[in-house]
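Below is one structure, written out as structure tokens; comments come after it.
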Amino acid sequence: MTQKIVPVIMAGGKGTRLWPLSRAAAPKQFIQFIGDKTLFQETLLRVSDPTLYEPPVVLTNEEFRFLVAEQARELDIDLAAILLEPVARNTAAAVAAAATLVRDRFDEDTVMHVLGSDYEILADDTYFDSVRIAAATAREGKLVTFGIEPTEPATGYGYIEGGKTLSTGARAVARFIEKPPANKAEDMVASGGFYWNSGMFMFSVSRLLTEMRTFAAESLKAAEMAVAKGSSDLDFIRLDKAAFAASPNISIDYAIMEKTSNAAVVPSPFKWSDLGSWDSVWKSGTRDADGNVAAANTTVVNTKNSLIMTHGVHLAVQGMDDIAVIASEDAVYVGRLQDSQDVGNIVKMLAAAPSTSQLTETHPTSYRPWGGYTSVLNGDRFQVKRIFVTPGKKLSLQKHHHRSEHWIVVKGTAEVTIGENVQMLRENESVYIPLGEIHRLANPGKIMLELIEVQTGSYLGEDDIIRIVDEFGRS
């Protein structure tokens, strides 16, 4: 019986190229664009076949750990492990840490499928055919990458030139090519045999570790030490910070794939996009008769070949061609689709100004292990939030030095602890928590708890929380 594949999902990136929806604290892999699932959730679903895959290992960072756990829970998908990277060290160290963990839990012959969590992929028969070819090639000792058959001479991707065809149907890698200028990209696409570098890999643990000992010994040593000295925290494995930080900051492509003589590429005809710009989101979306990709909660009139997306407010767009209009809860981007690759420059400008820097970091809606909250209104000495608590979850037992709170339940049932008193609140009922009083909020019901919280006081920052008891291990 063929051993199953262990998926390794990279979910720690902090991209802002899809601003204002994607931000440093809420990057694109955890955002719903068009549809009811995030890119990370779509990635989980692609590796959920129990006949082909073991439960996945996810690499992320401290900030996203509860997002990863909660979005997996929403799909009822079990994870083998969530590895927390203490510092960013690119993909070589991250993959080495995952390989070390897989070796320890399985064996060195285990095949790993390394994939990003922020791609859009059509997981049809051609996709799984490519996965099986890659797995067979990896079992023959090759380090395999997936080469996407190009649909246009794109200049935003690296390319791979295929060499001789192997017995499995994969091809040896002749060379890797950096992101090319337009004329070179046109020549490569016209000549055939060149593929977009997808950033997805397949290899056995033993072959990867052997190649890393040869070409990336420092990264491997740091990763093995980080795993050995790591610690368990709830459902997470924290890699040792000092050990992991000693790794060079280098990608698996530069560290291994471009140096090894055992690289292979699987020509992959399935639909793939890295969604690196609003233009690519438009190209990947389902367009109407006028060429528009429009999300729900929009009205589009006399407009063609445009992308209209909103999270929150209703968007009405009239008389526009070839534009992107993107609205989040607190910011709107309007620009020509052909210029959307330059959104990063706008983000840099916003980040540099104290009055707008927060717009590049966080959304008004923040997620927590128990649910989350949306900032509705801020004023002098008051703040209004919408709080939502997942069924069966509870916030920490806490108090505040500078604010009091009023809670009004609008949906579900709340179990409220104030001092020694515990009471149940139902829809349209409210309670007051005085400044300095120990309190706790919990959802004992079967549906999402939603309430409006009105904070009043001299200081309303999130750091005015003194946690006394917290089931999520936060201080």
Side-chain angles (χ1 to χ4, degrees), residues 6-15 24-25 27 29 56-69 79-108 110 112-118 143 145 158 176 178 197 199-263 473-475:
V6 175
V8 174
I9 300 174
M10 317 295 282
K14 294 186 176 184
Q29 63 264 32
V57 174
V58 179
L59 286 107
T60 190
N61 58 52
E62 174 85 11
E63 194 171 355
F64 303 153
R65 68 194 191 281
F66 293 119
L67 276 171
V68 165
L79 303 179
I82 301 175
L83 278 177
L84 300 182
E85 300 173 86
V87 292
R89 279 297 177 268
N90 217 312
T91 53
V95 172
T100 301
L101 182 74
V102 171
R103 178 195 63 194
D104 294 345
R105 292 196 176 186
F106 296 90
D107 58 56
E108 286 204 344
T110 302
M112 293 168 45
H113 183 184
V114 177
L115 59 165
S117 59
D118 56 354
L143 301 177
T145 185
F176 289 88
E178 294 285 349
N197 189 347
M200 296 189 294
F201 306 96
M202 192 92 76
F203 31 65
S204 71
V205 172
S206 58
R207 172 55 66 186
L208 174 68
L209 295 180
T210 296
E211 299 284 348
M212 292 203 78
R213 291 185 190 104
T214 301
F215 298 112
E218 288 185 54
S219 294
L220 178 59
K221 179 182 177 181
E224 289 181 327
M225 187 67 71
V227 173
K229 291 186 174 182
S231 59
S232 295
D233 177 5
L234 299 174
D235 297 327
F236 312 109
I237 298 174
R238 295 178 180 275
L239 297 172
D240 181 77
K241 184 174 183 178
F244 196 74
S247 173
N249 187 9
I250 187 171
S251 71
I252 191 76
D253 302 77
Y254 288 128
I256 303 296
M257 298 301 294
E258 295 188 9
K259 297 176 180 176
T260 180
S261 60
N262 289 301
R474 298 169 299 170
S475 58

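Everything numeric in this text was worked out from a predicted model, so none of it was measured.
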Are the aromatic rings of Phe176 and Tyr254 close, with centres under 6.0 Å apart? no
Closest non-hydrogen contact found for Met225 with Ala243 is CG-CB, 3.6 Å
Discussion item. Determine whether a donor-acceptor pair (N or O, by modelled atom type, separation under 3.5 Å) exists between the side chain of Thr110 and the backbone of Asp107.
Written reply: yes
- Query: Is the closest side-chain heavy-atom distance between Ile9 and Val57 below 4.5 Å?
  - Reply: no
Shortest non-hydrogen pair, Asn61 vs Gly12, comes out as ND2-O, 3.1 Å
Between the OG1 atom in Thr210 and the CZ atom in Phe203, the distance rounded to the nearest 0.5 Å is 12.5 Å
Can any side-chain N or O of Ser232 pair as donor or acceptor with the backbone N or O of Ile237 at less than 3.5 Å? no
_Tell me if a side-chain donor or acceptor on Ser204 pairs with a main-chain N or O of Glu108 at a distance below 3.5 Å._
no
Exactly one candidate in Val227, Leu101, Thr100 meets side-chain contact (heavy atoms from CB on, under 4.5 Å) with Leu239; the answer is Val227
Would you check if the side chain of Arg65 reaches a backbone N or O of Glu62 as a donor-acceptor pair within less than 3.5 Å? yes
Are side-chain heavy atoms of Thr60 and Phe236 found at a separation under 4.5 Å?
no
Without placing hydrogens or testing angles, list every side-chain donor-acceptor pair under 3.5 Å for residues 79-91, not counting sequence neighbours.
| unit_1 | atom_1 | unit_2 | atom_2 | d |
| --- | --- | --- | --- | --- |
| Arg89 | NE | Ala245 | O | 3.2 |
| Arg89 | NE | Ser247 | O | 3.2 |
| Arg89 | NH2 | Ala245 | O | 3.2 |
| Thr91 | OG1 | Ile252 | N | 2.8 |

- [ ] Taking the side chain as every heavy atom from C-beta outward, state whether Asn197 and Thr145 have any atom pair closer than 4.5 Å.
- [x] yes
Taking every heavy atom of Gly13 against every heavy atom of Gln29, the minimum-distance pair comes out as O-NE2, 3.1 Å
So CE of Met202 and CE of Met112: to nearest 0.5 Å the spacing works out to 10.5 Å
Sequence neighbours excluded, the answer for side chain to side chain contact (heavy atoms under 4.5 Å, CB included) partners of Ala216 is Met212, Ser219, Ala255, Ile256
So the salt bridge (charged side-chain N to carboxylate O under 4.0 Å, His left out) pairs with at least one residue in residues 210-227 (sequence neighbours excluded) are Arg103-Glu224, Arg207-Glu211
Heavy-atom nearest pair, Ala97 first then Phe244, reads CB-CE1, 4.5 Å
- [ ] Kindly indicate, with the supporting measurements, whether the criterion side chain to side chain contact (heavy atoms under 4.5 Å, CB included) is fulfilled by Leu209 and Leu220.
- [x] CA-CA 8 Å; Leu209 295 180; Leu220 178 59; 3.6 Å; yes
Separation between CD (Glu258) and CZ (Phe215), nearest 0.5 Å, reads 12.0 Å
**Q.** Leu143 side chain near Met257 side chain, heavy-atom distance below 4.5 Å
**A.** yes
Between Leu208 and Ala99 the two heavy atoms that sit nearest each other are CD2-CB, 3.7 Å
